[in-house]
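In what follows, a structure is listed as C-alpha cells, so that the remarks can point back to it.
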Amino acid sequence: MSADTRPLLAVTLGDPAGIGPEITARTLADPASVRAARGLAVGDAAVLERAARICGLDVEINAVSDPGQARFTEGVIDVLDLGIAGADLEWGKVDPVAGRAAVAAIETATRLALDGVADAVVTAPINKEAIWAAGSKHLGHTEMLGELTGSTRHNTMFVVRGLKIFFTTRHMSLRDALDRLSEQVVEEAIREAYAALRVFGADGRTPRLAVAAVNPHGGENGNFGDEEIVSIAPAVAAARAAGLDVTGPVPADSVFHQGLEGRYDGVLSHFHDQGHIPAKTVDFHGTVSVTVGLPILRTSVDHGTAFDIAGTGTASPGTMAAAFRTAVEFAPYADRIRAEYATR
C-alpha cells in the first residue's frame, strides 16, 4: 500500500474545563476532516471521552502513547494521551490542573512539529488564569510557542475568505498603539507582513500588500491627524523603494473591502480592533489566526474558552474546523516556513 499522504495535524484540546475538547471532538469526528488530514488530538483521553459524550458523538476514542499507534480513520478519534486531567474537572472553572494539562498539550504538540512528526499544530483555546495558576509565566499561546521554538519575533496573521490581515501592534491600549507608530516600526511591520505573504502561498507571484491608514479619510492631509504623514506614508515609500508591491496608506473604511474583492493579498492594520472588527464581522466563525515567525505552522481559533457554555455540548466547532482546514491548506508550505523562520 502507498504511504498516507494526508498531512498530520497535532490538535491540542486547550483548557479541559472550556469548550476546547468539545469543538476538537466535533472537528476530528467530521468525515471531511478525516478525509483531509490525519488529525491527532493532544491532551487527555478521559477529557476527550467526556466531551464526545456531551456532544452525542458516536465515535471511538483511541488513546495512544505514540503517533505511530494512531489509526486515522472515520469513526475513531486518536488522542495522544497525556494523563494529566481526568473527567471529574468542573466545567467552566479556573483550575490549575486544567492549566497544567493545557500547557503540556502545547509543549507536546510543538515538539511533534519541531521533530517533523506533525506538519502543523492546531490549538484550541486556553485560559490565561489557569495556566498562570499552574505556574506558567507566559501571557498566552504565542509567547509560549515563541519560547518553545526559540523564536523571538513572531506576529499574528488572520486569514478570512482568502484575505490575510496583519498587525503593527496588538495587545496594548489604542493610545499606546498610536504612540508606537513610528516610521521604523511601521516599515518593519510591512516587511514582516510581506515576507509572510511570500511564505504562505504566493507561489512565485508578487504579493500585493495594502497598508491601512489610522485616521478618518487617511488624515485629510494632516487635518484629521498626522500619523499618515509622519509615519505610515514614509514607511510605505521605503518599502516600495526596496521593490515591494505595497500600497498605502489606504483609508481603513475601504481597505478591507478592497482586499476581500481581490485587489490585495494582505492588509496591514495598525492596532488590535482595526484588524479584528472587519475580519470577525465578515466571518466570525471562519476567521483563523496563524502565528507567523515560528519555524512551525500553527493555526488557531480566535476566541476564548467560553466557560459560560462549556459542558453543554452547544459550542460551535466552526472556528476550530476553519483552523483545521487552514492548517491543511498551508501544510504543503511547512518546509518553506521552517526555512524562512528557523533562525529567528
Side-chain angles (χ1 to χ4, degrees), residues 10-21 24 41-44 47 80-86 89-115 118 120-158 166-177 179-180 185 188-189 192 271-272 276 289-307 310 323 337-338 341-344:
V11 187
T12 66
L13 298 184
D15 190 299
I19 63 171
T24 301
V42 181
D44 295 285
V47 168
L80 190 59
D81 186 18
L82 303 184
I84 296 173
L89 280 175
E90 186 175 358
W91 291 108
K93 299 294 183 183
V94 174
D95 190 314
V97 174
R100 186 158 58 90
V103 169
I106 296 165
E107 292 173 342
T108 302
T110 301
R111 281 197 298 272
L112 291 176
L114 288 172
D115 291 344
V121 174
V122 183
T123 57
I126 61 175
N127 182 276
K128 291 180 174 58
E129 288 185 64
I131 67 168
W132 295 338
S136 174
K137 305 301 182 184
H138 296 292
L139 291 175
H141 265 121
T142 304
E143 295 78 12
M144 195 182 310
L145 289 164
E147 180 176 294
L148 291 169
T149 61
S151 171
T152 58
R153 290 162 52 197
H154 35 72
N155 210 330
T156 295
M157 176 178 75
F158 275 4
F166 303 91
F167 300 85
T168 304
T169 70
R170 284 199 66 211
H171 291 129
M172 60 180 65
S173 72
L174 179 56
R175 176 72 273 154
D176 288 344
D179 287 343
R180 182 166 168 73
V185 166
E188 182 177 328
E192 293 283 342
F271 53 91
H272 183 280
H276 278 244
S289 176
V290 181
T291 306
V292 297
L294 301 176
I296 63 171
L297 171 59
R298 179 257 178 156
T299 68
S300 178
V301 301
D302 191 55
H303 60 69
T305 50
F307 275 174
I337 292 166
R338 189 185 304 273
Y341 298 122
T343 59
R344 295 162 68 91

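Here the structure is a predicted model, which means the values were calculated and not measured. Heads up: numbering here begins at 1 and tracks the sequence.
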Could you state the interatomic distance from [atom1] ([X]) to [atom2] ([Y]), rounded to the nearest 0.5 Å?
X	Y	atom1	atom2	answer
Leu294	Leu148	CG	CG	9.5 Å
Leu112	Glu107	CG	CD	12.0 Å
Asp15	Asn127	CG	CG	5.5 Å
Asp115	Thr110	CG	OG1	10.5 Å
Arg338	Leu297	CZ	CG	10.5 Å

Looking only at non-hydrogen atoms, find the nearest pair between [X] and [Y] and report the distance.
X	Y	result
Ile84	Val97	O-CG1, 4.0 Å
Ala10	Val42	CB-CG2, 4.0 Å
Leu80	Thr108	CD2-CG2, 3.7 Å
Ser136	Val103	CB-CG2, 4.3 Å
Ile126	Gly14	CG2-CA, 4.1 Å
Leu89	Asp95	CD2-OD2, 3.2 Å

Do [X] side-chain atoms and [Y] backbone N/O form a donor-acceptor pair below 3.5 Å?
X	Y	value
Thr299	Ala323	yes
Trp91	Pro16	no
Asp44	Ala85	yes
Ser151	Gly293	yes

(message) What I want to find out is whether Arg180 reaches Asp176 closely enough, with some N-O distance under 4.0 Å, to be called a salt bridge.
(response) no
(message) Arg298 and side chain to side chain contact (heavy atoms under 4.5 Å, CB included): which single residue from Ile337, Ile106, Thr291 fits?
(response)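 Going through Ile337, Ile106, Thr291 one by one, the side chain to side chain contact (heavy atoms under 4.5 Å, CB included) with Arg298 is satisfied by Thr291 alone.
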Do the side chains of [Y] and [X] get nearer than 4.5 Å, heavy atoms only?
X	Y	answer
Thr156	Arg170	yes
Ile19	His303	yes
Asn155	Glu192	no

(request) Would you check, one step at a time, whether the test side-chain contact (heavy atoms from CB on, under 4.5 Å) holds for Thr169 with Phe271? (result) CA-CA 5 Å; Thr169 70; Phe271 53 91; 3.9 Å; yes
(request) Using the six-membered ring wherever Trp is involved, compare the ring planes of Phe167 and His276 and label them parallel, tilted or perpendicular (cut-offs 30° and 60°). (result)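 Geometry flag for His276 against Phe167: tilted rings.
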(message) Are there over 12 heavy-atom neighbours, none belonging to Glu143, within less than 6.0 Å of that residue's CD?
(response)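 Count over threshold, so yes.
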(message) Let's go through Ile131 and Met144 carefully: what are the C-alpha distance in whole Å and the side-chain angles of both, what is the deciding distance for side-chain contact (heavy atoms from CB on, under 4.5 Å) to 0.1 Å, and is it a yes or a no?
(response) CA-CA 11 Å; Ile131 67 168; Met144 195 182 310; 4.1 Å; yes
